[in-house]
Visitor: 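Handing you a structure now.
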Protein chains: 2
Amino acid sequence: MEHVSENGRQKMQLAENSRRLFGIKQAIRCTSLKFHAGQMIFEEGQRANRWYEVLHGTVRTCRFHIDGSRHLTGFYFAGDVFGADYGQYGAAAEAVTDVDVLCYRVGDFSSGPGAPPPEDGKLSILFRAINCAQRYQYIMGHRTAHERLAAFLLCLKQQEGRSSFIRLPMSRSDIADFLGLTIHTVSRTFTELARRELIKIDGRNGVFILDHRGLCDLAGEEDGGVPPAIGGDSDDYPGALSAA
Amino acid sequence: MEHVSENGRQKMQLAENSRRLFGIKQAIRCTSLKFHAGQMIFEEGQRANRWYEVLHGTVRTCRFHIDGSRHLTGFYFAGDVFGADYGQYGAAAEAVTDVDVLCYRVGDFSSGPGAPPPEDGKLSILFRAINCAQRYQYIMGHRTAHERLAAFLLCLKQQEGRSSFIRLPMSRSDIADFLGLTIHTVSRTFTELARRELIKIDGRNGVFILDHRGLCDLAGEEDGGVPPAIGGDSDDYPGALSAA
DNA sequence: CGAAGGGTTGAAGGAAATCAATCCGAGTGG
DNA sequence: CCACTCGGATTGATTTCCTTCAACCCTTCG
């Protein structure tokens with residue numbers, strides 16, 4: 001796991017080519033953008049008000065743990081879509097090579113005569129599905145069994161609300177097959193977390209979170225699974241230089 | 001990793017409650033279904049013509065390697081959405097507990113006056129995003145470095161088309177942070193795969209696939225990353241008993 | 001030419017898989 | 001009621017694999 005000291009965020013230099021593509025792209029307004037290798041496209045935690053389609057080149061999405069270690073959640077090539085997050089971006093996006101992308105605005109997607117507001121529309125269902133997938137991608141990014149199980153429990157706790165009790169409807173075998181571990185390691189790790197008084201095991205199908213903060217530390221997270229909002233709420237492209 | 005001999009697919013017993021929810025669910029037709037713990041909701045490879053929202057209970061999605069080992073790609077609780085795949089389901093869905101779900105038909109989603117066909121509509125962009133996420137979830141389900149790298153290369157090969165040459169625009173460090181390994185292990189594994197004559201390394205940014213079949217075996221896959229279509233193409237609910 | 005960054009390779013230590021045994025609770029039947 | 005079985009879960013001992021630490025190679029660039 002590499003420790004990346006500073007994401008060299010060079011001056012953004014993008015050739016803007018805004019237009020409406022009637023017929024070709026179903027009348028969704030999209031903007032053609034260019035990024036150079038290494039450039040940041042959006043940051044983790046920013047409001048997710050755009051998403052992107054790769055036309056040419058390679059893009060990576062990445063998250064950082066509090067210890068500085070980096071985890072890439074995906075590579076995107078020509079034809080792939082990235083950044084379709086719900087609410088805020090769960091990972092930053094950076095250009096691996098020089099890239100050309102199409103940038104769609106979320107508002108334009110679901111707007112139209114009589115269209116529901118974007119937050120409540122039918123599209124939100126799909127965004128929620130994407131968020132589910134990314135939530136789990138994130139857990140798998142953790143290296144050790146302790147970190148994975150801690151992240152998993154924090155993820156479940158989010159579902160449960162504020163209660164310190166977490167129901168575990170699935171078997172140890174399910175948890176193991178999900179986290180990419182064996183039931184032995186899962187069981188041992190549960191025991192170990194209980195020994196450290198981070199959790200208290202309540203039968204087969206439940207645990208109490210005793211030390212939420214400790215679990216977060218172990219999982220390498222700031223808080224209970226949701227990355228903190230660090231980006232601004234501006235609707236304009238952050239730091240973009242309009243080449244108009 | 002558990003070896004599941006047979007997915008006891010009991011007689012499906014679902015209380016159907018078809019209706020149109022105008023106003024509440026944006027006029028999308030959805031059906032309320034019930035499944036008992038352990039029941040299959042849909043199979044891997046089936047045509048993905050429905051997706052689901054959990055109302056109550058827990059659902060898991062899983063894939064099987066050719067060696068019989070199982071990998072769960074996600075758990076879904078009340079409010080979560082699953083099955084929103086593009087083309088065919090990338091993983092089977094099973095009820096962990098007794099569950100109530102809402103079942104949406106893909107066709108009904110994007111249909112309407114003047115709507116584009118579902119395969120080509122703007123919604124397909126979001127489905128593709130979901131597929132991207134799931135593709136990578138699958139890779140992370142592999143246990144050893146050999147399996148992960150093999151699955152990763154096969155995934156890239158899919159992008160490249162039929163050529164046996166794969167471009168690797170990203171650094172070893174990127175690959176490591178993506179696969180949850182160190183650059184040392186990645187480098188060693190590349191060398192080892194080359195020694196076994198499964199691949200041939202071509203500089204830093206390219207490899208040739210010498211033994212596609214061998215890589216598939218190593219990755220535990222049937223073919224180059226895409227699960228084979230095993231399900232039928234019927235638009236009706238497979239094996240469902242209408243409780244009308 | 002020398003420095004720097006990415007990549008490869010070797011040796012040693014540690015974490016998880018594997019092999020194996022035991023425990024525990026639920027369900028069953030005597 | 002108790003013995004028995006069965007599946008899931010826990011725990012211990014050993015092996016395997018990956019990480020870590022370290023050194024070195026190669027290419028690029030000033």
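Order of the sequence lines sets the chain letters (A, B, ...), proteins ahead of strands, with each chain counted from 1.
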Visitor: For B:H65, check ring-ring contact (aromatic ring centres under 6.0 Å, His included) against everything at least two apart and list the hits.
Guide: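 Scan of B:H65 (ring-ring contact (aromatic ring centres under 6.0 Å, His included), adjacent residues dropped) gives B:Y138, B:H142.
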
Visitor: Filter on salt bridge (Lys or Arg N to Asp or Glu O under 4.0 Å), then keep only pairs touching residues 197-210 of chain B, sequence neighbours left out; what's left?
Guide: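 Matches after skipping sequence neighbours: none remain.
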
Visitor: Only counting residues at least two apart or in another chain, list the ones meeting side chain to side chain contact (heavy atoms under 4.5 Å, CB included) with B:H184.
Guide: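 Here the qualifying residues are B:T182, B:R188.
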
Visitor: Could you state the CG-C1' distance from A:L193 to D:dA9, rounded to the nearest angstrom?
Guide: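 Distance, rounded to whole Å: 16 Å.
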
Visitor: When the distance from CG of B:L181 to P of C:dA16 is rounded to whole Å, what number comes out?
Guide: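 About 14 Å, once rounded to whole Å.
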
Visitor: What string of B, S and - do you get for nucleotides 6-11 of chain C 5' to 3' if you count protein non-hydrogen atoms under 4.0 Å?
Guide: BSBBBB

Visitor: Taking salt bridge (charged side-chain N to carboxylate O under 4.0 Å, His left out) as the definition, give me every residue that meets it alongside A:R167, ordered by chain and number, with sequence neighbours left out.
Guide: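 Partners of A:R167 by the salt bridge (charged side-chain N to carboxylate O under 4.0 Å, His left out) criterion come out as none, since no residue qualifies.
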
Visitor: Rounded to whole Å, how long is the line connecting atom NE2 of B:H142 with atom P of D:dC18?
Guide: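 Atom-to-atom, B:H142 to D:dC18, this comes out as 14 Å.
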
Visitor: Atom CD of B:E192 to atom P of D:dC17: distance rounded to whole Å?
Guide: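 Answer to the nearest Å: 10 Å.
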
Visitor: For B:I66, which residues count as a side chain to side chain contact (heavy atoms under 4.5 Å, CB included) partner, sequence neighbours excluded?
Guide: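 Scan of B:I66 (side chain to side chain contact (heavy atoms under 4.5 Å, CB included), adjacent residues dropped) gives B:D217, B:E222.
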
Visitor: Among pairs that include at least one residue of residues 80-90 of chain B, which meet salt bridge (Lys or Arg N to Asp or Glu O under 4.0 Å), considering only residues two or more places apart or in two chains?
Guide: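 Those involving residues 80-90 of chain B are A:R135-B:D80.
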
Visitor: With B:Y136, which residues qualify under ring-ring contact (aromatic ring centres under 6.0 Å, His included), at least two apart?
Guide: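 B:Y136: ring-ring contact (aromatic ring centres under 6.0 Å, His included) contacts with B:F178.
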
Visitor: So, taking the atom named CG in B:L153 and the one named CG in B:L198, what distance separates them when rounded to the nearest 0.5 Å?
Guide: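 That separation rounds to 10.0 Å.
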
Visitor: Return the value, rounded to whole Å, for the distance between atom CG of A:D174 and atom C1' of D:dG7.
Guide: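 Result: 14 Å.
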
Visitor: Grab the CD-P distance between B:E147 and D:dT16 for me, whole Å please.
Guide: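 Between P of D:dT16 and CD of B:E147: 17 Å.
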
Visitor: Would you work out how much the helix from C:dC1-D:dG30 to C:dG30-D:dC1 bends between its ends, with each end axis defined by five base pairs, to 10 degrees?
Guide: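 Overall, the helix from C:dC1-D:dG30 to C:dG30-D:dC1 bends by 20° from one end axis to the other.
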
Visitor: In whole angstrom, what separates A:H146's NE2 from C:dA15's C1'?
Guide: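 So the NE2-C1' distance, A:H146 to C:dA15, works out to 10 Å.
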
